[in-house]
Amino acid sequence: MSCHAGGGSGVRCLRYPAGGHGRYQGKWLRNQHHGYGVKSSGRGLVYEGEWQRGQRHGYGTMRRESPDGQVHRLYVGQWRQDRRSGEGKQYYDDGSVYFGQWQMNKRHGRGIHWYADGRIYVGEWLQDAMHGRGVLFSANGNRYVGEFEEGCKSGAGCFYHGQDRIQFGQWVKDICKSSLLPVLQE
């Protein structure tokens with residue numbers, strides 16, 4: 001397949017002019033990316049997947065290719081109108097990983113986030129924040145099971161202190177306002 005700037009529909013490759021190092025190779029419809037294709041930017045970002053009317057739409061993978069040849073996955077999953085929407089897996093620069101539902105480029109719905117510091121959150125998300133029912137596991141073995149609001153423990157929940165103590169309480173913005181902690185008997 002030759003690379004040229006032609007018009008219309010079909011399969012072709014296009015290099016972007018005016019000093020741009022970008023390139024698109026794939027299917028076209030009425031002079032827009034449409035169907036399966038691969039688009040690379042001059043900055044190392046590469047999207048490989050489905051297109052609709054010039055936008056990422058359907059299943060696709062976004063990755064970063066370093067000048068030294070290393071490839072780093074950024075996102076694998078569903079896209080809608082050029083945004084992460086549906087089910088997908090995001091890989092963050094700090095080593096964290098999120099797998100779950102997306103809406104308009106934000107974590108939204110149910111998902112699991114593995115944090116680089118060892119925490120794990122399994123639960124509901126709203127507009128990119130923990131929100132609704134969920135479980136937050138700490139790296140030290142503690143865990144919180146309950147309600148979240150805007151990324152914080154808020155509402156009724158149980159905090160498990162290691163293996164032997166359970167604290168039932170009401171939280172507001174990560175602060176326990178009232179609780180019941182059973183007395184340990186020796």
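Keep in mind that the numbers below use all heavy atoms, side chains included, and drop hydrogens, waters and symmetry copies.
A distance of 7.0 Å separates CZ in Phe168 from CG in Leu180, rounded to the nearest 0.5 Å. Here OH of Tyr115 is found 11.0 Å from CD1 of Ile120. Values are rounded to the nearest 0.5 Å. If you take CD1 on Ile166 and NE2 on His161, they are separated by 9.5 Å, rounding to the nearest 0.5 Å. In this structure, CH2 in Trp79 is found 11.5 Å from CD in Gln55, a value given to the nearest 0.5 Å. Between atom SG of residue Cys176 and atom CD of residue Gln167 there is a gap of 4.5 Å, rounded to the nearest 0.5 Å. Separating the CG atom in Asn142 from the OH atom in Tyr160 is a distance of 12.0 Å, to the nearest 0.5 Å.
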Donor-acceptor contacts under 3.5 Å from residues 144-151 side chains, at least two apart:
{"unit_1": "Tyr144", "atom_1": "OH", "unit_2": "Glu147", "atom_2": "N", "d": "3.4"}
{"unit_1": "Tyr144", "atom_1": "OH", "unit_2": "Glu147", "atom_2": "O", "d": "3.0"}
{"unit_1": "Glu147", "atom_1": "OE2", "unit_2": "Arg133", "atom_2": "NH1", "d": "3.4"}

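With sequence neighbours left out, the salt bridge (charged side-chain N to carboxylate O under 4.0 Å, His left out) criterion links Arg80 to no other residue.
With no hydrogens or angles considered, no side-chain donor-acceptor pair links Arg119 and His113 at under 3.5 Å. If you check the side chains of Arg84 and Gln90, you find a donor sitting under 3.5 Å from an acceptor.
A salt bridge is defined here as a Lys NZ or Arg NE, NH1 or NH2 lying under 4.0 Å from an Asp or Glu carboxylate O, and Glu48 with Arg63 meets this definition. A salt bridge links Asp93 with Arg64: the closest approach of a Lys/Arg side-chain nitrogen to an acidic carboxylate oxygen falls below 4.0 angstrom.
You'll find the side chain of Tyr47 stays beyond 4.5 Å of the side chain of Leu45, heavy atoms only. Side chains of Met62 and Arg56 form a contact here, defined as non-hydrogen atoms less than 4.5 Å apart. Annotation: side chain of Gln32 is in contact with side chain of Arg53 (closest heavy-atom distance under 4.5 Å). Contact of the Val76 side chain with the Tyr59 side chain is registered, since non-hydrogen atoms from C-beta on lie closer than 4.5 Å.
Both Tyr121 and Tyr92 belong to a common hydrophobic cluster when Ile, Leu, Val, Met, Phe, Trp and Tyr are linked at side-chain heavy-atom distances under 4.5 angstrom.
A cation-pi contact links Arg73 to Tyr91, judged by a cut-off of 6.0 Å to the six-membered ring centre and 45° from its axis.
Ring-centre distance between His33 and Trp28: below the 6.0 Å cut-off. Ring to ring, Tyr98 and Trp114 are not that close: their centroids are 6.0 angstrom or more apart.
For the pair Arg107 (side chain) and Asp128 (backbone), a donor-acceptor distance under 3.5 Å is present.
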